[in-house]
Amino acid sequence: KAQETLQNLVKAIQTQPRRDIYHVSLSQADLAILRALSRDPKNASPTAEVQRDIQNLGQQSIQQATIATQVSPKNAFNYAYLGDVYKELSGNNVDGLRSALQAYVASSNLDPNNYQLRVVIGDLYMRTSDFTRAADYFQAAINLKGDDPNPRYLLAIAQIQDADKTLDSDNPQAKIN
């Protein structure tokens with residue numbers, strides 16, 4: 001069934017390669033199959049073939065999401081989706097998180113009033129320990145939508161982390177004493 005779904009999406013893309021939604025859909029299908037393989041109890045200790053399939057599906061998902069941004073470069077959703085793909089596949093890998101950041105920033109440049117993108121970007125900066133930039137993005141989210149308490153909370157956390165980082169760098173002995 002999964003293989004049939006992928007084949008149908010590939011045929012759709014071959015028929016109309018300039019339809020960004022077809023590329024996003026293929027990327028989503030690749031991710032869904034990847035998740036199913038990863039969660040399958042039979043794959044608790046995956047074979048080399050299953051590991052290769054998972055890796056290939058991840059690469060194909062990124063590739064199709066990237067193509068969607070190339071086919072429709074002014075569509076903020078496509079960049080946000082590419083960021084979602086990178087974020088999901090990267091875990092805590094800093095390079096993957098940076099790729100996600102680039103995609104989300106591109107999306108926010110196309111959709112400057114989307115405060116949720118600012119929150120996501122701030123969260124990714126937190127995960128890469130860039131607390132100053134995280135705070136900037138959380139503040140931007142607050143400026144766009146001041147009635148949501150979440151960016152305020154996250155801003156406070158970023159400020160605390162940034163202050164702790166500054167204190168630690170100013171006084172390396174602080175942790176010892």
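Put simply, the side chain of Val50 does not reach to within 4.5 Å of the side chain of Arg52, judged on heavy atoms. You'll find the side chain of Arg98 stays beyond 4.5 Å of the side chain of Gln102, heavy atoms only. Residues Arg127 and Lys87 have side chains in contact (heavy-atom distance under 4.5 Å, counting atoms from C-beta outward). Inter-residue side-chain proximity for Asn93 and Leu97 is flagged as unmet; no heavy-atom pair is nearer than 4.5 Å. Two residues are said to be in side-chain contact when any heavy atoms from C-beta on lie closer than 4.5 Å; Ile13 and Gln64 meet this criterion. Two residues are said to be in side-chain contact when any heavy atoms from C-beta on lie closer than 4.5 Å; Gln159 and Phe138 fail this criterion. Asp30 places a side-chain heavy atom less than 4.5 Å from the side chain of Leu6. Looking only at side-chain heavy atoms (C-beta outward), Leu57 and Leu31 stay at 4.5 Å or farther from each other.
Cluster membership for Leu26 and Leu37, using ILVMFWY side-chain heavy atoms within less than 4.5 angstrom, is shared. Leu110 and Tyr115 end up in different hydrophobic clusters when Ile, Leu, Val, Met, Phe, Trp and Tyr side chains are linked at under 4.5 Å. Leu9 and Val24 end up in the same hydrophobic cluster when Ile, Leu, Val, Met, Phe, Trp and Tyr side chains are linked at under 4.5 Å. Hydrophobic cluster membership differs between Leu124 and Leu82, with clusters built from Ile, Leu, Val, Met, Phe, Trp and Tyr side chains linked at under 4.5 angstrom. No continuous path of hydrophobic side-chain contacts links Val94 to Met126 [ILVMFWY only; heavy atoms under 4.5 Å].
The two residues Val85 and Ser61 come nearest to each other via the heavy atoms CG1-OG, 3.6 Å. Here the closest non-hydrogen pair linking Pro151 and Ile142 is CB-CG1, 3.7 Å. Heavy-atom minimum distance, Ala158 versus Phe131: O-CB, 3.6 Å. The minimum heavy-atom distance linking Val71 with Arg18 is given by the pair CG1-O, 2.8 Å. Tyr86 and Gly96 make their closest contact through CB-O, 3.8 Å (heavy atoms, listed as atom of the first residue, atom of the second, distance). The minimum heavy-atom distance between Val119 and Ala141, with the atom names listed, is CG2-CB, 3.7 Å.
Of the inter-residue distances, the one linking Asn78 atom CG with Thr69 atom OG1 reads 7.0 Å to the nearest 0.5 angstrom. One distance of note links CG of Asn75 with OH of Tyr81; it measures 13.0 Å at 0.5 Å rounding. Distance CD/Gln28 to CD1/Ile33: 12.0 Å, rounded to 0.5 Å. Separating the CD atom in Gln51 from the CG atom in Asn56 is a distance of 12.0 Å, to the nearest 0.5 Å. Atom CG of Asn150 and atom CG of Leu155 lie 11.0 Å apart (nearest 0.5 Å). Here the straight-line distance linking atom CG of Asp53 with atom CD of Gln60 works out to 9.5 Å at 0.5 Å rounding.
With 3.5 Å as the limit, one finds a donor-acceptor pair spanning the side chains of Asn143 and Gln139. Side-chain atoms of Asp84 and Tyr104 include a donor-acceptor pair closer than 3.5 Å. Side-chain contact, Thr132 with Asp162: a donor N or O sits under 3.5 Å from an acceptor N or O.
Between Lys145 and Asp148 there is no salt bridge, since no side-chain nitrogen of the basic residue lies less than 4.0 Å from a carboxylate oxygen of the acidic one.
Judged by distance alone, with hydrogens and angles left aside, the side-chain atoms of Arg152 form no donor-acceptor pair with the main-chain N or O of Asp147 at under 3.5 Å. Side-chain atoms of Ser72 never come within 3.5 Å of backbone atoms of Ala68 as a donor-acceptor pair (strictly under, hydrogens ignored). In this structure, the side chain of His23 engages the main chain of Pro17 through a donor-acceptor pair within 3.5 Å. Under the 3.5 Å distance criterion, the side-chain polar atoms of Thr15 are matched with a main-chain donor or acceptor of Lys11. The main-chain N or O of Ala76 is found under 3.5 Å from a side-chain atom of Ser107 such that the two form a donor-acceptor pair.
In this structure, Arg19 forms a cation-pi arrangement with Tyr22, its terminal cationic atom sitting closer than 6.0 Å to the ring centre and no more than 45° off the ring axis.
Within the structure, side-chain hydrogen bond (donor to acceptor under 3.5 Å, both in side chains) pairs that include any residue of residues 35-47 comprise Arg35-Glu88 (at least two apart or interchain).
In terms of the salt bridge (Lys or Arg N to Asp or Glu O under 4.0 Å) criterion, Asp123 has no residue partners (sequence neighbours excluded). Qualifying ring-ring contact (aromatic ring centres under 6.0 Å, His included) partners for Tyr137, counting only residues two or more places apart in sequence or in other chains: Tyr125.
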